[in-house]
Amino acid sequence: MFLSIFDIFKVGVGPSSSHTMGPMLAASRFLTLLVEGRETIPGAGTLTRLDCRLHGSLAFTGKGHATDRAVILGLAGFRPDSFDMARAEEMLHTIGQSGRIAHAELGDLGFRPDEDVIFDYGPALPLHANALTFSAYDERDALFARETYYSTGGGFVQTERDLSEPQDDATGPQTPYPFRTGAEMLEMAKGSGLSIAEMKRQNELVSHSAPKLDTRISTVWDVMNRSIERGLATDGILPGGLNVKRRAKGIHDALERERGQNLSAPHQINDWISVYAIAVNEENAAGGQVVTAPTNGAAGVVPATLRYYLDHVPGASSSRIGTFLLTAAAIGGLIKTNASISGAEVGCQGEVGSASAMAAAGLCAVLNGTPEQIENAAEIALEHHLGMTCDPIRGLVQAPCIERNGLGAIKAVSAASLALRGTGQHLIPLDACIETMRQTGRDMDEKYKETSLGGLAVNLPEC
């Protein structure tokens with residue numbers, strides 16, 4: 001299955017790609033299903049009401065991740081890529097007061113948020129830890145339609161049929177470099193004489209004109225960079241009840257004051273890398289606009305590493321942004337295809353670990369690394385996140401998630417630097433590391449996979 005750079009990097013809304021963006025998109029898909037059903041079923045009755053049942057991790061951490069709000073807003077026609085926070089708050093208030101959702105084609109539908117978003121705390125459904133089931137009823141209160149969707153991380157949404165049926169590569173675009181593994185990627189690079197970014201670009205040009213591709217890549221970076229800038233300029237307390245203070249602005253202000261005063265140790269560069277990532281993830285935690293990279297919970301790693309390159313590496317050029325992001329997306333696609341980027345499925349190794357591998361590869365590429373060095377950089381970064389759990393306190397994408405992005409970016413820079421010191425020859429192939437992550441996630445106890453039933457989520461002392 002071909003994964004575009006725009007499958008990996010999606011413009012969306014915080015705090016979670018799997019728990020906020022995915023459910024919002026699933027609600028939109030269900031509405032389309034209802035419209036199509038009304039048109040194709042003879043004598044279909046009048047739809048009168050809807051409900052939604054959240055399963056697994058979506059139930060256990062749904063409140064902290066705003067999953068219930070995402071479902072309501074998705075049914076009201078909102079989408080992550082065009083999300084308007086002020087209008088959303090107005091709509092939530094209106095639906096809460098009226099218990100109705102108005103739809104242009106389906107009419108006025110009953111939906112009482114407090115009763116019709118059902119948190120099912122039983123066992124997760126077998127196909128994936130993030131599942132939600134929508135139901136629609138007619139005027140006799142008979143079931144008209146029901147569909148279960150699985151939010152598999154990074155804003156990807158699939159049905160049971162999608163997950164159960166084997167993927168057929170022939171159904172997607174026929175790309176000139178259809179690598180599905182790291183080994184295939186290196187072999188094709190060797191055979192073609194192209195870089196990883198160049199091969200990825202040729203694959204993208206099957207579906208996009210060159211000007212459109214460049215414009216969309218530029219938009220991805222613009223949204224990433226704006227999320228950094230907003231985070232660096234905003235202080236206050238993050239929502240959700242943990243009273244987590246936003247720190248990016250204060251750290252950045254201090255770094256700016258110290259710039260050029262010869263007061264800093266060399267390791268202060270880590271503070272710059274971290275503050276860019278923290279800025280993004282504070283924006284995400286506040287429900288702001290970010291880019292999945294490859295998820296919202298890990299959205300700060302890639303932009304922080306790219307911003308580090310642009311602002312702090314001598315000779316850096318903005319003309320290399322596309323190379324960075326195309327390379328990073330190629331690595332993200334390998335991980336998504338062969339393992340997972342979902343914290344609810346494999347723990348945070350699949351989120352921040354994947355993001356760190358992507359960022360390391362991108363940085364290595366713009367520092368003129370060979371394909372072998374780039375693959376090595378990705379492997380180093382991913383290897384040193386293996387086994388990382390996902391245990392957000394109160395289900396909020398705040399602690400330990402925000403700081404974890406900063407450390408993921410620092411590891412990405414270190415991994416790229418180490419890889420560039422070598423020839424690209426190394427002991428553990430990237431494919432073996434990705435498979436190890438998949439196996440580790442499969443064996444990991446469920447309470448450490450975004451249920452907030454273990455780890456830091458249950459060991460925070462009550463003050």
Side-chain angles (χ1 to χ4, degrees), residues 1-9 152-154 156 158 163 165-204 206-207 293-295 302 323 325-342 345-346 349-351 353-362 364-365 369-386 412 415-416 419 422-442:
M1 179 179 66
F2 172 66
L3 290 175
S4 168
I5 183 175
F6 307 114
D7 292 321
I8 301 298
F9 297 126
T152 58
F156 288 88
Q158 296 176 284
L163 289 172
E165 293 183 352
Q167 296 293 329
D168 183 1
D169 287 343
T171 61
Q174 298 304 295
T175 57
Y177 302 101
F179 52 85
R180 292 177 59 91
T181 66
E184 290 178 355
M185 178 180 72
L186 292 179
E187 187 63 30
M188 289 181 189
K190 183 178 180 181
S192 66
L194 299 177
S195 70
I196 293 169
E198 288 167 338
M199 291 193 300
K200 183 67 175 169
R201 181 177 177 82
Q202 290 302 312
N203 288 345
E204 296 292 339
V206 172
S207 304
T295 67
V302 167
T323 296
L325 293 176
L326 285 163
T327 306
I331 299 303
L334 295 180
I335 297 172
K336 169 68 177 172
T337 298
N338 296 298
S340 175
I341 57 172
S342 168
E345 192 172 11
V346 297
Q349 59 176 349
E351 296 204 33
S354 298
S356 188
M358 292 163 59
C364 191
T370 65
E372 291 78 13
Q373 289 172 321
I374 291 166
E375 184 261 2
N376 187 15
E379 187 281 327
I380 293 170
L382 184 60
E383 178 185 342
H384 296 289
H385 284 88
L386 290 176
T423 64
Q425 298 296 314
H426 57 108
L427 180 64
I428 304 170
L430 175 61
D431 292 331
C433 193
I434 292 172
E435 173 59 15
T436 300
M437 186 183 78
R438 186 192 69 81
Q439 294 175 4
T440 303
R442 178 196 63 197

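Computed from heavy atoms alone, side chains included, the values below leave out hydrogens, waters and symmetry copies.
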Partner set under side chain to side chain donor-acceptor pair (under 3.5 Å) for [X], not counting sequence neighbours:
{"X": "Thr295", "result": "Glu351"}
{"X": "Glu198", "result": "Ser195"}
{"X": "Gln349", "result": "none"}

Quick one: are [X] and [Y] in side-chain contact, heavy atoms under 4.5 Å?
{"X": "His426", "Y": "Glu375", "result": "yes"}
{"X": "Phe179", "Y": "Leu186", "result": "no"}
{"X": "Met358", "Y": "Ile8", "result": "yes"}
{"X": "Val302", "Y": "Leu325", "result": "yes"}
{"X": "Glu383", "Y": "Thr436", "result": "no"}
{"X": "Thr152", "Y": "Ser340", "result": "no"}
{"X": "Met185", "Y": "Ile196", "result": "yes"}
{"X": "Cys364", "Y": "Ile374", "result": "yes"}

What are the two closest heavy atoms between [X] and [Y], and how far apart are they?
{"X": "Ala360", "Y": "Ala381", "answer": "CB-CB, 3.9 Å"}
{"X": "Ala365", "Y": "Thr323", "answer": "CB-CG2, 4.1 Å"}
{"X": "Gln373", "Y": "Ala419", "answer": "O-CB, 3.4 Å"}
{"X": "Ala339", "Y": "Arg438", "answer": "CB-CB, 3.8 Å"}
{"X": "Leu382", "Y": "Ala357", "answer": "CB-CB, 4.0 Å"}
{"X": "Ala197", "Y": "Leu326", "answer": "O-CD1, 3.9 Å"}

Quiz prompt | From Ser356 atom OG to Ile331 atom CD1, the distance as rounded to the nearest 0.5 Å | solution =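 Answer rounded to 0.5 Å: 12.0 Å.
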
Exercise. Decide side chain to side chain contact (heavy atoms under 4.5 Å, CB included) for Phe2 and Val206; before the verdict, give the C-alpha distance in whole Å, the side-chain angles of both, and the deciding distance to 0.1 Å.
Key: CA-CA 11 Å; Phe2 172 66; Val206 172; over 6 Å; no

Quiz item: salt bridge (charged side-chain N to carboxylate O under 4.0 Å, His left out) with Glu184: which residues, sequence neighbours excluded?
Solution: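 Expected list: none.
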
Exercise. With sequence neighbours left out, write down each residue that passes salt bridge (charged side-chain N to carboxylate O under 4.0 Å, His left out) with Glu204, or none if nothing qualifies.
Key: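 Scan of Glu204 (salt bridge (charged side-chain N to carboxylate O under 4.0 Å, His left out), adjacent residues dropped) gives Lys200.
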
Quiz item: With no hydrogens and no angle check, is any side-chain donor or acceptor of Asn338 less than 3.5 Å from a backbone partner on Glu435?
Solution: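 No; zero donor-acceptor contacts below 3.5 Å.
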
Practice problem: Quickly, which of Ile434, Leu430, Asp431 forms a side-chain contact (heavy atoms from CB on, under 4.5 Å) with Glu379? Name it, please. | Solution: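 Answer after filtering Ile434, Leu430, Asp431: Leu430.
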
Self-check item: Residue pair Lys336, Ser354: steps toward the side-chain hydrogen bond (donor to acceptor under 3.5 Å, both in side chains) verdict
Solution: CA-CA 9 Å; Lys336 169 68 177 172; Ser354 298; over 6 Å; no

Self-check item: Partner residues of Tyr177 under the ring pair (Phe, Tyr, Trp, His ring centres under 6.0 Å) criterion, sequence neighbours left out
Solution: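 Not a single residue meets the ring pair (Phe, Tyr, Trp, His ring centres under 6.0 Å) criterion with Tyr177.
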
